[in-house]
Structures are given as C-alpha cells and as structure tokens.
Amino acid sequence: MAEYEACILGLMLAIDMNVQELLVIGDSDLLVHQVLGEWAMKNIKIFPYLHYIQELIKRFTKIKFKYVPRIQNEVADALDTLSSMIQHQNKNFIDPIPIGIHKQSAYCAHVEEEIGGNSWFHDNNEYLENREYPEHATHTQKRTLQRLANHFFQSGGILYKRTPYLGLLRCVDTKEVSRPRKYMPELADLT
C-alpha cells in the first residue's frame, strides 16, 4: 500500500506541475506490472489504489511505467534513506529535497602512475575497441582481460565501469585527475 501511495503522490505532484508526458520509474515489480495490467490483482485492499492511479494516468497525454530493480536505482535508494531521516511536525508534509545533476565527477579514486605513457585502462580499451590483446600477453592475461572487459563499456570515446552498487563509474587517467577542478557553488549549500 505504501508503494501505491508514493506513486499516487508522485503522479499528483506531476499533475500539479502541469507535466504532460511522464516516465515513472519504480522499483516495485508488483506495482509496475499491476498498473500496466500485466499481473492480476489478488489483494482486494489494493484495488482502490490501482483504480485511483488509473484515473490519474488519464490526465497525462503520454505516460510510461518502467521497472528498475532496487540495486540499479541508486536515486530511489538515496531518497528512501533521506526520507527515513526527515522528521516533521505535520506528518502529511514532505520537505522538498533538491537534487542536482553535475557535469563533473564529485571525486576521483586512486589512479596509479601510468607506465609507458598509456593510461591504466589502455589494454582494456584496446580489447573493447578492436578485440586485440597486448603484444606479449600470456594465455592467463588474455583470459583476465576478457573477464575484465565484461564490466566495462565505451560511450562517446569514454570508458565506463559497471558496478552493482554505484552504477556507472567513469574511468579517468592521471592527466584528468591532476587537472584543476572548478568547484561548483551549489555543492557548498549542501554542507
């Protein structure tokens, strides 16, 4: 019921903001599939919630529901954690939580010194682009490179690593790490 109530509140907020097209991303497999009509409703107590959501859906020109597993939805997990920490006198009021998307990484992990002028991910990059191994790679090194490549992909010439808990991590070399950063003023508001 709580998941349906959260969905209803989100839809009502979007309607109040005159949103016409909406993508609803939820980590409740049951809710998403029941709203889409793919799964049957077994609990009679939830039926009024589903009916109300279907009435709200009619107020949008285009609406789409998408299921994303909890482990892949870091934003929902973070909001869930934040909402559990907020205490307000009026239980029906929710303080707005500003969320910003930054064009620059918030931090960089440890990057080792590059050997031979190549970045630490050079061999991985070459394998992903051309399916070519380093010149003197052993059989074990080739198998390791194949296994590592399953966790990386390229987009727009940038290498990313897939992680189960952090989502995507952008791979950087020592030149990018040592480049001076421009700190964003909106980050100062968070402290």
Participant: Tell me the closest heavy-atom pair linking P69 and D27, and the distance in Å.
Facilitator: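 That closest heavy-atom pairing would be C-CB, 4.4 Å.
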Participant: Run the numbers on Y4 and Q34 for side chain to side chain donor-acceptor pair (under 3.5 Å), then give the verdict.
Facilitator: CA-CA 11 Å; Y4 273 90; Q34 285 179 341; 2.4 Å; yes
Participant: Measuring from L128:CG to L145:CG, what's the distance to the nearest 0.5 Å?
Facilitator: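 Rounded to the nearest 0.5 Å, the CG-CG separation comes out at 8.0 Å.
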Participant: Looking at every non-hydrogen atom in both residues, tell me the closest pair between V19 and E21 and how far apart they are.
Facilitator: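 Heavy-atom minimum between the residues: CG1-O, 3.1 Å.
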Participant: Please check if the side chain of T61 supplies one atom and the backbone of Q20 the other of a donor-acceptor pair under 3.5 Å.
Facilitator: yes
Participant: Do side-chain atoms of E129 reach the backbone of E126 as a donor and acceptor pair under 3.5 angstrom?
Facilitator: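 Between the backbone of E126 and the side chain of E129 there is no qualifying donor-acceptor contact (under 3.5 Å).
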Participant: Just by distance, with hydrogens left out, do Q54 and Y49 show a side-chain donor and acceptor under 3.5 Å apart?
Facilitator: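 No, Y49 and Q54 have no side-chain donor paired with an acceptor closer than 3.5 Å.
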Participant: Are there over 12 heavy-atom neighbours, none belonging to Y133, within less than 6.0 Å of that residue's OH?
Facilitator: yes
Participant: Given the rule in the side-chain contact (heavy atoms from CB on, under 4.5 Å) test, do M1 and K45 qualify, once you have shown the distances and angles that lead to the verdict?
Facilitator: CA-CA 8 Å; M1 286 187 211; K45 294 177 183 176; 3.6 Å; yes
Participant: Before giving the answer on side-chain contact (heavy atoms from CB on, under 4.5 Å), spell out for L56 and M12 the whole-Å C-alpha distance, their side-chain angles and the decisive distance to 0.1 Å.
Facilitator: CA-CA 7 Å; L56 292 173; M12 290 171 55; 4.0 Å; yes
Participant: Within a radius of less than 6.0 Å around CD1 of I44, do more than 12 heavy atoms belonging to other residues, nucleotides or ligands occur?
Facilitator: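 No, the 6.0 Å shell around CD1 holds no more than 12 heavy atoms from other groups.
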Participant: How long is the span from the CG atom in L50 to the CD atom in E55, to the nearest 0.5 Å?
Facilitator: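 Going from the CG atom of L50 to the CD atom of E55 covers 10.5 Å.
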Participant: With under 30° as parallel and over 60° as perpendicular, where do the rings of H33 and W39 fit, or are they tilted in between?
Facilitator: parallel
Participant: Is there a chain of hydrophobic side chains (I, L, V, M, F, W, Y, each step under 4.5 Å between heavy atoms) that links I25 to L30?
Facilitator: no
Participant: With rounding to the nearest 0.5 angstrom, report the NZ to CG distance, K64 to L23.
Facilitator: 7.0 Å
Participant: Is there a path of hydrophobic side-chain contacts, each under 4.5 Å between heavy atoms of I/L/V/M/F/W/Y residues, joining I46 to Y67?
Facilitator: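 As far as the 4.5 Å side-chain criterion goes, I46 and Y67 are connected within one cluster.
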Participant: How long is the gap from CD1 on I57 to CG on L11, to the nearest 0.5 Å?
Facilitator: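 It comes to 6.5 Å.
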Participant: Let me confirm one number: the CD-CD1 distance from E3 to I8, rounded to the nearest 0.5 Å.
Facilitator: 12.0 Å
Participant: Check the pair R143, T140 against side-chain contact (heavy atoms from CB on, under 4.5 Å), reporting the backbone distance first and the verdict last.
Facilitator: CA-CA 5 Å; R143 288 187 60 217; T140 305; 5.8 Å; no
Participant: Take F65 and C7, measure what side-chain contact (heavy atoms from CB on, under 4.5 Å) needs, and give me the verdict at the end.
Facilitator: CA-CA 11 Å; F65 284 80; C7 183; 4.1 Å; yes
Participant: Evaluate side chain to side chain donor-acceptor pair (under 3.5 Å) for Y127 paired with E132, printing each intermediate quantity in order.
Facilitator: CA-CA 5 Å; Y127 181 77; E132 293 178 3; over 6 Å; no
Participant: Could you tell me which non-hydrogen atom of A137 sits nearest to which non-hydrogen atom of K142, and how far apart they are?
Facilitator: O-CE, 3.6 Å
